[in-house]
Asker: 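There's a structure below that I have some questions on.
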Amino acid sequence: MSRTRIRSSAADQACAAAVDLARLGAEEIARPGEVGEHLGFDSEGDRVVTHYFACLDRAYQGWRWAITVARASRARNVTISETVLLPGSGALLAPTWVPWNQRLRPGDLGVGDLLPAEADDDRLAPGFTETDDDTDHQMIFEYGLGRARVLSAIGRDLAVQRWHNGDPGPDTPLAAAAPAQCSTCGFYWPLAGALRLGFGVCANEYAPDDGRVVAADHGCGAHSEATTVPSMTPDQAQPILDDLGYDPMPADENAEAPKTPDEPDA
């Protein structure tokens, strides 16, 4: 472990020399044998110095004891101001804390769980902004039917990117092996509004995506026209008939010769 660099500000000589006092302060808060060599000190201000000692605890590798000592104005005695264990370079630290709303993943929400949307959620916009040509303006403001917030342009773009790059998109093995795209399937129900051209809902109970949003260029083997798609119904080979050749058949010696019309019966 490298020694701590002393700051440019002049350190108080009495505080800088109080290494033994600082070590005693570290040993009071540490278990026996956990205070190692003196690593240096930093001048924190007028008559305030922090001494550093190596931490020998195997659970805190790379950490160091930081003992701050101070001296009052015109006083000769140095006293301990603060003792703490701090991480050094290469110290083993816990992962950076992530807010709960950023740790959530699809499928984490269970029965009875509530996931409140924040007031400044970029994915949502005030309900009165949904006044395009595809919306019934009167219904929005009718009592009891309006929504406080609707999907914003950012939220829509995020959903489009997530759906198109995920399982409902065109880059899955299921879609690659499909006979045709969902946009040409009779069970494909397009979404309303701005997403109509790119996404829809599968309404085929035998399809793996039944009841789910799929991209228009997605596909599966349950396509409504699968029986007429050339790749699914290859042409049957015509039988080959040989009209020129023949196979000789052995004569039956026991068979009776055909009678002539004038020959009497025996």
Asker: Quick one: list whatever passes ring pair (Phe, Tyr, Trp, His ring centres under 6.0 Å) with Tyr60, sequence neighbours left out.
Answerer: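 Here the qualifying residues are Trp63.
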
Asker: Can you run down the ring-ring contact (aromatic ring centres under 6.0 Å, His included) pairs that involve residues 71-92, sequence neighbours left out, and say none if there aren't any?
Answerer: none

Asker: Test Thr50 against Glu82 for side chain to side chain contact (heavy atoms under 4.5 Å, CB included), laying out the working first.
Answerer: CA-CA 9 Å; Thr50 298; Glu82 184 179 6; over 6 Å; no

Asker: Which pair of heavy atoms, one from Ser224 and one from Cys185, lies closest together, and at what distance?
Answerer: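 Nearest pair, atom of Ser224 first, then Cys185: N-SG, 3.4 Å.
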
Asker: For Ala70 and Val48, which heavy atoms make the closest approach, and how far apart are they?
Answerer: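 For Ala70 versus Val48, the nearest heavy atoms are CB-CG2, 4.1 Å.
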
Asker: Taking only residues two or more places apart in sequence, or in another chain, which ones meet Ala153 in a side chain to side chain contact (heavy atoms under 4.5 Å, CB included)?
Answerer: Arg156

Asker: Taking distance alone, no hydrogens or angles, what donor-acceptor pairs closer than 3.5 Å link side-chain atoms of residues 190-205 to residues at least two apart or in another chain?
Answerer:
residue : atom : partner : partner atom : Å
Asn204  : OD1  : Tyr206  : N            : 3.1
Asn204  : ND2  : Ala222  : O            : 2.9

Asker: Say whether Phe187 and Trp163 are linked into one hydrophobic cluster, either directly or through other cluster members, by side-chain heavy-atom distances under 4.5 angstrom.
Answerer: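 No; Trp163 is not reachable from Phe187 via cluster members.
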
Asker: Output the distance between atom CD (Glu37) and atom CG (Leu56), rounded to the nearest 0.5 Å.
Answerer: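 One finds 8.5 Å between CD of Glu37 and CG of Leu56.
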
Asker: Please report, to 0.1 Å, the donor-acceptor pairs under 3.5 Å made by any side chain of residues 19-31, with sequence neighbours excluded.
Answerer:
residue : atom : partner : partner atom : Å
Arg23   : NH1  : Gly36   : O            : 3.0
Arg23   : NH2  : Gly36   : O            : 3.2
Arg31   : NE   : Glu34   : OE2          : 2.6
Arg31   : NH2  : Glu34   : OE2          : 2.9
Arg31   : NH2  : Asp57   : OD2          : 3.1

Asker: Check the surroundings of atom CG in Asn165: do more than 12 heavy atoms from other residues, nucleotides or ligands lie under 6.0 Å from it?
Answerer: yes

Asker: In chain order, what residues pass the ring pair (Phe, Tyr, Trp, His ring centres under 6.0 Å) check against His218, with sequence neighbours excluded?
Answerer: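 His218 satisfies ring pair (Phe, Tyr, Trp, His ring centres under 6.0 Å) with no residue once adjacent residues are dropped.
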
Asker: Rounded to the nearest 0.5 Å, how far does OH of Tyr52 lie from CG of Asp42?
Answerer: 4.0 Å

Asker: For Pro99, enumerate each residue passing the side chain to side chain contact (heavy atoms under 4.5 Å, CB included) test, keeping only those at least two apart in sequence or located in another chain.
Answerer: Trp97, Asn101, Gln102

Asker: When Ile, Leu, Val, Met, Phe, Trp and Tyr are grouped by side-chain heavy atoms lying under 4.5 Å apart, directly or through other members, which residues fall in the same group as Tyr188?
Answerer: Val214

Asker: Quick one: list whatever passes side-chain hydrogen bond (donor to acceptor under 3.5 Å, both in side chains) with Ser152, sequence neighbours left out.
Answerer: none

Asker: Indicate every side-chain donor-acceptor pair of residues 166-181 with a distance under 3.5 Å to a residue at least two apart or in another chain.
Answerer:
residue : atom : partner : partner atom : Å
Thr172  : OG1  : Ala175  : N            : 3.3

Asker: Are Leu151 and Val160 co-members of a hydrophobic cluster defined by side-chain heavy atoms under 4.5 Å apart?
Answerer: no

Asker: Residues two or more places apart in sequence or in another chain: which of them pass side-chain hydrogen bond (donor to acceptor under 3.5 Å, both in side chains) with Ser81?
Answerer: none

Asker: Of all heavy-atom pairs between His164 and Ala215, which one has the smallest distance, and what is that distance?
Answerer: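 Taking His164 first and Ala215 second, the nearest heavy atoms are CD2-CB, 4.1 Å.
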
Asker: Within the supplied structure, the quantity of interest is the number of heavy atoms (other residues, nucleotides, ligands) at a distance under 6.0 Å from Leu92 CG; does it exceed 12?
Answerer: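 Check fails, neighbour count at 12 or below.
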
Asker: Determine which pairs satisfy salt bridge (Lys or Arg N to Asp or Glu O under 4.0 Å) with at least one residue from residues 65-76, sequence neighbours left out, and list them in order.
Answerer: Asp12-Arg71

